[in-house]
Enquirer: 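Before I ask anything, let me first share the structure, which is written out below as structure tokens.
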Amino acid sequence: MTTYCYDPVITANREIRVLALHPGNSDDEVTISLQHRRLRLWDKNESTLESQGSQIQDDGEHDGNNVAQVITTTATKDTPTLRVASQKMDGTNIPDVDHDDTAEYEHDTTGIDWDSYQALSYAWGSEQDPQPIFVKHAPTKNNKIMVTRDLLVALLHLRHSSDTLVLWIDAICIDQHNLKERSEQVALMGDIYRLSSHTIIWLGPGENDSALGFELMNHISEMISVNLRYHTMEPSAEALALSAADPSVLLYADATRQLDLEASQMEAIYEGVLARCWFQRLWVRQEAYLSCSKTFVCGKSAITWDNFVAAFFSVWAKPKGAVRNARYYITINGLIHQFLSHTVFKIHLYYTKTPSEVYEDAAARQMVLQNRIQILDSCEIASISLPGLPTWVPDWSTPIKPTINIEPSWSASAWISPAGVEYPGGGILRVRGIRVSGNVRPLKRFPTQFGETYNRYLEDAFLAVKDILACFPRESLEESYEHLAQKTRFEALCLLLQGGRVAEITFPISHKSLVTLEGATSSLRAILTSETWEALRSERHSASLDDITQFLSKFARFFFGRSLFVTEPSGYIGAGPACVTEGDRVSVLLGLTMPLLLRKATGSESDGWAHAMYDKATETFGMNPGWILTHVGFAKESISYRRSPHLFEVAPEEFVRRGINLQTFELV
């Protein structure tokens, strides 16, 4: 057990502890010193990710030429650098400094610059079998702090053989046995990460070919320039320079071509890097996005944040022909939105409150302060396991669901911002919107996971689509679908099964990676007429096997763990969460792109990527949602629009004039 007695910190004075990780050899005990220091006030004009560091998101450009840099602390000439396997341009590792087994060290803390520290972001791991570290200069009987084995491994990897490293690590710098201090110090974590000289994101020791995975991701990032705002990539300056001698380097930026990697190399990226526990942590974005400078470290390999995001985007955006395991698709789809968004949660943790109370406070705080309700996209009644958790609060105690949101080229709420989000307490959230259907009737529920192998994955998707088609009489599929102009029910169903995204109705910059509506309908007809998966693959069809495979893969991505339903009496066909129940109603809430299924609360009287509009006349794309509303008759003077951060308001009387009866929904 921990025997070290912490001196109290005065959080009201913005006081924190930082630690000095003293040098040592591989077999030496880990020794540290602790020092109190006061955080200076954070200036919002400083270069942080929210201003300058988020350039990859906000400015939309990323040049992968930056190699993984050596992590440094440069306050004084005596302050050490963290020499963790910097990457050279050829992707090979620079070895760490060799340990001198004969060296002896005098740990003189007077020469340490305590004002410049690096923050560590890591996964705590199991609390079973805790390991000791020792506080220098503390009495022998009171010098031990117990940490998780995973943290001890991190300290051993990061420790120098000759230099002292100043760090902030939550498990050590906060007295874990003092609940009051924990609550108070966690409230400062935003500034702790903002004001750190650097954040080390520790993924764990090298294993599962992680060194190869890092090397490949560094190389991929060097070859592409990514625009995350529009979800596109193009060859980097380095790739263009190399293309004269090797034109193939330009293919790294081609979203229609799979990466020229062997299956074992793709597995090194997935298993060695992306499957790490760190990516499943609740507060990953809270720590990482607040840091102005950060690097992923795994064993002796490293990659900068920007290079990682660029490479990860490429892996996600390109076809994954070398992958034969469906788990990899789930891993990527579960992670992509963490890196395409840089929303920072304003979360307060209270260790005297229940998890349900903390989650409710975090969700309400986020939605009310930002006047944004996208968190509701992550909510599903069936996923709630914590007692007392309102249905509008995600249950962050459960693993991230693999299902990703359908990506329409439109917005059900016309991109209009919420007309005020209210949180009166008591588990209630007030939002504005309208009902757009009567009750729904579930038709088919899909499994949460398809086959492990790629072929079985596609076969399971084929069988699921066959089950959907069986829900409708064949003759009814050719009837006109009145909700979709000049389309049959068959074509409407086809669009739904593709998540609303086919080449003809999306931005031209991404159409090459999408199947056309003709290709999708031909694929669906081939599935309709084929009795078995083997027959579908062996028989000749109007659709190519590539189109059919792409159709099934896209369907599987969007319909993991979802249900198909129809609305009554209107007859809309829709996809919803697995917990869809007869009697649910489709509603559109201001601020949400997708409609939401609402269910009347039991025992309650209350009710319970870049998109554009194409103007054929001018052959232009309207990116301003205000232009889109005025185009369909809204008064221009009633509209107020700001692009970033998004705020699109419409005067309440304009809704009345247009015959739109907004209602207030109390979500519980």
Side-chain angles (χ1 to χ4, degrees), residues 55-57 59-71 83-95 206 209-274 295-324 328 332 336 339 507-514 546 550:
Q55 184 175 3
I56 187 169
Q57 280 87 4
D59 297 338
E61 295 296 332
H62 166 77
D63 191 334
N65 288 329
N66 295 326
V67 296
Q69 301 295 316
V70 176
I71 308 171
R83 291 186 283 270
V84 287
S86 172
Q87 300 289 325
K88 296 189 296 185
M89 292 297 290
D90 61 2
T92 58
N93 290 337
I94 300 174
D209 283 333
S210 57
L212 175 60
F214 268 58
E215 179 181 335
L216 292 168
M217 294 186 78
N218 268 307
H219 178 66
I220 292 169
S221 70
E222 292 168 5
M223 295 296 107
I224 60 176
S225 177
V226 173
N227 186 317
L228 292 184
R229 183 178 298 280
Y230 298 111
H231 296 181
T232 61
M233 53 187 170
E234 60 186 27
S236 67
E238 180 176 349
L240 292 173
L242 294 173
S243 62
D246 182 9
S248 67
V249 298
L250 300 179
L251 298 180
Y252 282 97
D254 187 344
T256 67
R257 301 286 295 270
Q258 69 186 52
L259 287 168
D260 186 20
L261 299 176
E262 298 176 358
S264 60
Q265 293 174 311
M266 294 296 286
E267 289 182 10
I269 293 176
Y270 291 115
E271 294 285 1
V273 182
L274 300 180
T295 300
F296 289 94
V297 179
C298 184
K300 293 187 175 183
S301 300
I303 184 172
T304 63
W305 174 273
D306 283 358
N307 282 13
F308 176 90
V309 174
F312 178 73
F313 176 85
S314 175
V315 171
W316 171 76
K318 281 175 164 287
K320 301 163 188 67
V323 179
R324 293 295 180 265
Y328 300 154
I332 286 185
I336 185 61
F339 295 100
F507 234 134
I509 59 176
S510 62
H511 80 278
K512 290 183 179 180
S513 62
L514 297 172
D546 283 345
Q550 189 174 2

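Worth saying up front: this structure is predicted, and the values here are computed from it rather than measured. Along the sequence shown, residues are numbered consecutively beginning with 1.
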Enquirer: If you define the side chain from C-beta out and look only at heavy atoms, does anything of Val273 sit under 4.5 Å from Phe308?
Expert: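 Contact flag for Val273/Phe308 side chains = yes.
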
Enquirer: How about Tyr252 and Leu259: do any of their side-chain heavy atoms sit closer than 4.5 Å?
Expert: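 Heavy-atom side-chain distance check passes, below 4.5 Å.
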
Enquirer: On a heavy-atom basis, which atom in Ala253 and which in Glu234 lie closest, and how many Å separate them?
Expert: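 For Ala253 versus Glu234, the nearest heavy atoms are CB-C, 3.3 Å.
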
Enquirer: Side chains of Leu242 and Met223: closer than 4.5 Å at any heavy-atom pair?
Expert: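 Sidechains of Met223 and Leu242: in contact.
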
Enquirer: According to side chain to side chain contact (heavy atoms under 4.5 Å, CB included), who are the partners of Leu250, at least two apart in sequence or on a separate chain?
Expert: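 Here the qualifying residues are Pro235, Leu240, Ser243.
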
Enquirer: Can you measure from CG (Leu212) to CD (Glu267) and round to the nearest 0.5 angstrom?
Expert: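 One gets 11.0 Å once the value is rounded to the nearest 0.5 Å.
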
Enquirer: Taking the side chain as every heavy atom from C-beta outward, state whether Leu251 and Asp260 have any atom pair closer than 4.5 Å.
Expert: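 Side chain of Leu251 against side chain of Asp260, heavy atoms only: no contact under 4.5 Å found.
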
Enquirer: Can you check whether Ala302's main-chain N or O pairs, donor with acceptor, with Asn218's side chain at less than 3.5 Å?
Expert: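 Side chain of Asn218 to backbone of Ala302: a pair is present.
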
Enquirer: Can you find a heavy atom in the side chain of Met217 that is under 4.5 Å from one in the side chain of Ile269?
Expert: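 In contact.
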
Enquirer: For the pair Ser221 (side chain) and Ala311 (backbone), establish whether a donor and an acceptor sit closer than 3.5 Å, ignoring hydrogens and angles.
Expert: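 Here the side-chain-to-backbone pair does not exist.
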
Enquirer: Between Ser236 (side chain) and Ala239 (backbone), is there a donor-acceptor pair under 3.5 Å?
Expert: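 Here the side-chain-to-backbone pair exists.
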
Enquirer: Would you name the heavy atoms of Ser210 and Gly272 that are closest together and state the gap between them?
Expert: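 Heavy-atom minimum between the residues: CB-O, 3.3 Å.
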
Enquirer: Could you list the residues that satisfy side chain to side chain donor-acceptor pair (under 3.5 Å) with Ser248, not counting sequence neighbours?
Expert: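 Ser248: side chain to side chain donor-acceptor pair (under 3.5 Å) contacts with Asp246.
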
Enquirer: Compare every heavy atom of Asp254 with every heavy atom of Lys318, then report the nearest pair and how far apart it is.
Expert: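 Residues Lys318 and Asp254, closest heavy atoms: NZ-O, 2.6 Å.
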
Enquirer: Between Ser314 and Ile224, what is the shortest heavy-atom contact and its length?
Expert: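 For Ser314 versus Ile224, the nearest heavy atoms are CB-CD1, 3.7 Å.
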
